[in-house]
Protein chains: 2
Amino acid sequence: MLLAWTFALPALAEDGYDLWLRYKPLPEAQARQYRELGAELVAPVQTPTQQAARDELVRGLGGLLGREPAQAAAVRRNGALVVGTPASVPQLASLQGDLEGLGEEGYLIREARIDGRKATVVAANSDVGALYGSFHLLRLVQSGEPLAGVDVRESPRVKLRVLNHWDNLDRYVERGYAGESIWDWHRLPDWLDPRYTDYARANASIGINGTVLNNVNTSAQALTPLYLEKTAALASVFRAYGIKVYLSARFSAPIEIGGLATADPLDPAVRQWWKDKADEIYRTIPDFGGFLVKANSEGQPGPQDYGRNHADGANMLAEALAPHGGIVMWRAFVYSHEEPDDRAKQAYTEFVPHDGVFADNVLVQVKNGAIDFQPREPFHPLFGAMPRTPLMMEFQITKEYLGFATHLVYLGPMYEEVLRADTHARGPGSTVAKIIDGSLESHALTGMAGVANIGVDRNWSGSHFDQANWYVYGRMAWDPHASAEEIARDWARMTFSTDPAVVEPVVSMMMGSHQAVVDYMTPLGLHHLMGRGHHYGPGPWVEGGPRADWTSVYYHRADARGIGFDRSATGSNAVAQYAPPVAEQFGSIDTVPEDFLLWFHHVPWDHRMASGRSLWDELVSRYGRGVDYVRGMRRTWSTLEGKVDQERHHQVAVFLGIQEKEAQWWRDASVAYFQTFSRRPLPAGEAEPPHDVEYYKSLQFPFAPGDGK
Amino acid sequence: MLLAWTFALPALAEDGYDLWLRYKPLPEAQARQYRELGAELVAPVQTPTQQAARDELVRGLGGLLGREPAQAAAVRRNGALVVGTPASVPQLASLQGDLEGLGEEGYLIREARIDGRKATVVAANSDVGALYGSFHLLRLVQSGEPLAGVDVRESPRVKLRVLNHWDNLDRYVERGYAGESIWDWHRLPDWLDPRYTDYARANASIGINGTVLNNVNTSAQALTPLYLEKTAALASVFRAYGIKVYLSARFSAPIEIGGLATADPLDPAVRQWWKDKADEIYRTIPDFGGFLVKANSEGQPGPQDYGRNHADGANMLAEALAPHGGIVMWRAFVYSHEEPDDRAKQAYTEFVPHDGVFADNVLVQVKNGAIDFQPREPFHPLFGAMPRTPLMMEFQITKEYLGFATHLVYLGPMYEEVLRADTHARGPGSTVAKIIDGSLESHALTGMAGVANIGVDRNWSGSHFDQANWYVYGRMAWDPHASAEEIARDWARMTFSTDPAVVEPVVSMMMGSHQAVVDYMTPLGLHHLMGRGHHYGPGPWVEGGPRADWTSVYYHRADARGIGFDRSATGSNAVAQYAPPVAEQFGSIDTVPEDFLLWFHHVPWDHRMASGRSLWDELVSRYGRGVDYVRGMRRTWSTLEGKVDQERHHQVAVFLGIQEKEAQWWRDASVAYFQTFSRRPLPAGEAEPPHDVEYYKSLQFPFAPGDGK
């Protein structure tokens, strides 16, 4: 503990605030290749978005290369960097043909001759495309990538790339582990925190183009004039960065703030109220994005309260927004009041019948996955089952079930696994990614949502490595077919160092970290075993309370014979919600991937696994493997001391220590508990848990963060 | 709004994190005089506190003078800076005599010859004294004060100089306007945020030597082993800086976490439980400070629940802590269950009978003032009324009733006014300050508490100017006789600039700002007129609810005849709680200071004021004067553009804009409301409020920050 007083660091140390946009000077060996770049910067500033692009290039190149680029109105010498659209930079008119097909948000980066002079060009059809291209160019330089012969053509494969903030109006963030909401509602609209601009920069740098400011569990107050004025102020900051604001809409708002007696979506007065509200919003925020709605789920009001269905509710809002170009993101994460035989089946059951009925400006937002945001879930059966409805993916970036902000868990591999999963909806190759990007069913309206991990913590995400999850979410929303590993490498280079002796160990730690957390929390398809309410730490013994499907015992079903939830034909038959080839694979204990074994089957303790071990031995071994991986990350990280700045290195090292302790706790508590069912000895070499189950049950964490209030 | 995107400032701009310890390079003209200073630094580092002092001097002088001092084991040349105690630096042994009378925390700074060489000496009897002296020396350099002939002798006049954090264990801060609690309980004890060290540095720099970590409205969980381990980790950081940790103790903890059936302070099992708890705490934290207790107030449990009195409760805890040297700070801010005829009288009524009965290690902590922390209250009648009991002052630093963190209100003049108030308890000159410092009644145990305004906001206090309130609190706790203006000047020099063209306008703004907020919120002795619950904005119309003494109408008592609370002999006779000369002065409408007129009297609207105006005209004029002052601050501040860094200048300017808007709102709403009683026209030249009373009443702020949850 005495060490504490040696950390009186200057405030200017690397505290993570700059995210992946650090722009620290490149090593001279790398900087040399860019000597020409930005000898002359031609980037007009006729619009706020153009200004944002030029500001970023000046800041970025100035930081990376040690001098700010000289600015010019037109190319006059070799080595210029030219950024803009044919409209903003007439010298780019010759690229008009090459820009076709890049759409409103795409861009190209290439070497070109402009009026006979050699130049590097970032060109696009719109200002925001040029802004995205500028960030891409900066990423190349940050990563030390050669620009000689550069030829990048990029455009997003998904139209709406949206963050969902589960932020309450009192600044509490549900499932937030990075401090309060960054939205300082009380001092808006007057005080525009500079952080809002940095938030917009970070998002634009990875292509995020929308943000839902308030929690899906929202108060109707968010739609009152007081809050619309505040929302408009935020929109005024974000607009230059191509980011639209959206609001979560409480379905019963017509009652709560409208004074109506009902919120029935077929009631003419209710419909009129929403139309008037939409008109009012668009008068305040002309480019407002639209509504996100959580209805008839976990106690939220919704159309079913009036005997209507989800399509009735969504279409009413869609009708109000349509004249203004707004859209509705209607969540498919629903609960019925009665407990179903299997909660995993419910979204499919409620939504599939309405396929084709939703209005054109409605997307159905599907949580990954069907139970919640578990460490690992099979892809959601709705993907592939609603061909006539655009489905958004809802990923959780904040780590509600994955160790909060303390554990180092890179979510890229998890996102990738799900996006690459094959639904077989239109035969082999019908991946989830192709449903999200609209290509499988030719939807033009497409989207991806990520539940943000952002708060006022100085490093934004509560830990340095959790910044990577914000980053990879944005990159995968832009391109759901992208590689988690390549993105991790980009991030590590920008965030820590271009030195491969840093990048490769860091990427290696990251890439195995998701499997590790699955192993030490919920291996082999187990799920929903965490502490009640706050979801902190192991709670496989959780039972009782208002609903069986909020308990752990409902999901693991351990008994003397075995463990696992039978979702095959002999059980809840949830497998039947998948296309036949998938249903067949998942439905048989012999073909189901072991990662999902206990998700779909109740399996005898002595079941022989691929390893040759019994299920019980394999289960215990997986728990240990997870803990071992964390130990390995600690060792790897310790070798990077001195190669990463001291402040960030120290924090990551301490957090890895916490992670190891908590991983061991998960393993010990889970093994001790499940052993009361298996009644089998631990495999040779596996340590007995240091306490009995009662000890682990007795631990209480009444103030663990993020609990939904 | 378009301006927003121009504020993409580098993260390294002046964001206020460094408080008054910025250590930016001095202007060359000022730096020149210190050229010799620290040519050689003799400051041993045998203990953590010595290390803290040397680290600070290296950081501070290095920053201010542009080069780090060269370190040496002993004085070998002219110009050395020598820091330590006779024990730590043998060359200081000759100062032994001069150190007498400075006590454990005092220090001296002077020029001296050490082994024949010229040196500047910071000497003390203890390491922490030397640390305090080091901060004082740095302040002199920061302020550009000449060191030639320096001769400082300082020791604190108050023994316990304590911050009270009203921080809940879930990180919510009651009446906090600077973000969440800086205590990251979830990641303690493992993660020791570097901010904890900077917090300790800031406190040590102004002499604060204790901190109560948790809210007076506390959960008993704070006393469980889980939280004691976390508290111990914080103590390990603070110890080097001379800061002890204290905890708020929930009186019913023996029931809630002890499993007992009662918390009766005379029950032997309860007494034993507290003794065992104290033993447990001191095993974990050997230098634990003690308990702060809010009992039988606003619903908190306490000894009266068992028919016992405050002394019974306090003495039980004192008995448990005494063997370990711990103390009890027992709050006198109490409510009885029955509504009293005048809430202002209650603390006196309940506590005076127990004078002389409290144990030796108990202090009674008296809120400033008797109603709450109103913008202006007369000094609390308990001061002077309990000569045999050490009374602590409880100031509120956080601005619950003074515009939250947005309004620029320097509290120094308010503290000064109260501390200099004459209780006449032992004849003229019996100031509150002399009661607090123990000199009036020869108490050795003395203390002052400040309810902290600290949170995770980057600038700690929610605004740059609110840092001054933390600062002045610490300085006045060290010396209750100090001058608010001199402290403001020190703060402004350290925080903004040594340029008198900055310092003097800033000090001038600050010095009038308290009178201004009184004027635009609650002039002439009015009080308790704010919005219900959150206390944001005007609410003079607040009535109804559970208790009359939680409403505004109870306090202002406006009617057709006049306005004000009659606390004279014809009313509640609260004046009788003061010593006779004070009671006489306050008791007569002719002698009471006009600042307290409506606090003590119900006064006819046509009462002739010192200005010659009627009360009504004077009241309206005072409201306007407050708004005008804010307008003047905006003008003054705008002249400092370019003389203060852009980032801080911009935020202060925006906040002053909000303050002006809200000051106008207070004025307009209050004038409109009181006019419904006075039924008199506004004085000539005063603008009619732009809305009627119903409009102001209709405004709702359900998510205003800081509301007690």
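In what follows, chains carry the letters A, B, and so on, assigned in the order in which the sequence lines appear, proteins first and then strands, with residues in each chain numbered from 1. Just so it is clear, the structure is predicted and the values come from calculations on it, not from any experiment.
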Colleague: Between B/Lys661, B/Gln651, B/Arg171, B/Arg239, which has the largest tally of heavy atom pairs under 4.5 Å with chain A?
Modeller: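 Top count of heavy-atom pairs under 4.5 Å with chain A: B/Gln651.
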
Colleague: Name the member of B/Tyr536, B/Tyr177, B/Tyr23 that forms the most heavy-atom pairs with chain A at distances under 4.5 Å.
Modeller: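 Highest number of heavy-atom pairs under 4.5 Å: B/Tyr536.
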
Colleague: Flag this pair as yes if the NZ/CZ of B/Arg195 is under 6.0 angstrom from the six-membered ring centre of B/Trp183 and inside a 45 degree cone about the axis; otherwise no.
Modeller: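 Checked: cation-pi criterion not met.
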
Colleague: Which bit of B/Leu169 comes within less than 4.5 Å of chain A, counting heavy atoms only: side chain, backbone, both or neither?
Modeller: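 B/Leu169 touches chain A through backbone and side-chain heavy atoms alike.
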
Colleague: Please state whether the side chain, the backbone, both or neither of B/Phe238 comes within less than 4.5 Å of a heavy atom of chain A.
Modeller: neither

Colleague: With a 4.5 Å cut-off on side-chain heavy atoms, are A/Tyr17 and A/Asn459 touching?
Modeller: no

Colleague: Write down the atom of A/Tyr227, the atom of A/Ala222, and the distance for their closest heavy-atom approach.
Modeller: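 Minimum heavy-atom contact is CB-O, 3.5 Å.
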
Colleague: Hey, does A/Pro189 have a side-chain heavy atom less than 4.5 Å from the side chain of A/Lys230?
Modeller: yes

Colleague: In terms of side-chain geometry, is the basic nitrogen of B/Glu68 or B/Arg59 positioned less than 4.0 Å from the acidic oxygen of its partner?
Modeller: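 Salt bridge absent between B/Glu68 and B/Arg59.
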
Colleague: For the residue pair A/Trp185 and A/Leu213, establish whether any side-chain heavy-atom pair is separated by less than 4.5 Å.
Modeller: yes

Colleague: Step by step, work out the side chain to side chain contact (heavy atoms under 4.5 Å, CB included) result for A/Leu408 and A/Gln659.
Modeller: CA-CA 7 Å; A/Leu408 195 169; A/Gln659 185 177 5; 3.5 Å; yes

Colleague: Side chain, backbone, both or neither: which part of B/Leu699 has an atom under 4.5 Å from a heavy atom of chain A?
Modeller: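 Neither part; nothing is under 4.5 Å.
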
Colleague: Under a 4.5 Å heavy-atom cut-off, does chain A meet the side chain of B/Thr224, its backbone, both or neither?
Modeller: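 For B/Thr224, there is no contact with chain A at all, as no heavy atom is under 4.5 Å.
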
Colleague: Judged by modelled atom types alone, do B/Asn214 and B/Asp167 share a side-chain donor-acceptor pair under 3.5 Å?
Modeller: no

Colleague: Could you tell me which portion of B/Gln700 (side chain, backbone, both or neither) has an atom closer than 4.5 angstrom to a non-hydrogen atom of chain A?
Modeller: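 For B/Gln700, the contact with chain A is made by the backbone alone.
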
Colleague: Pick from A/Gly657, A/Ala200, A/Gly462: which one has the most heavy-atom pairs with chain B under 4.5 Å?
Modeller: A/Gly462

Colleague: Do you know which of A/Phe701, A/Trp191, A/Tyr196, A/Phe404 has the most heavy-atom pairs with chain B at a distance under 4.5 angstrom?
Modeller: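 Looking at each option in turn, the highest pair count goes to A/Trp191.
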
Colleague: Could you look at B/Tyr199 and say if it's the side chain, the backbone, both or neither that has a heavy atom under 4.5 Å from chain A?
Modeller: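 Looking at B/Tyr199, nothing touches chain A.
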
Colleague: Quick check on A/Glu180 against chain B: is it the side chain, the backbone, both or neither that has a heavy atom closer than 4.5 Å?
Modeller: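 A/Glu180 touches chain B through backbone and side-chain heavy atoms alike.
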
Colleague: Using a 4.5 angstrom heavy-atom cutoff, name the option from B/Asp184, B/Thr406, B/Val456, B/Asp457 with the most pairs to chain A.
Modeller: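 Of B/Asp184, B/Thr406, B/Val456, B/Asp457, B/Thr406 has the most heavy-atom pairs under 4.5 Å with chain A.
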
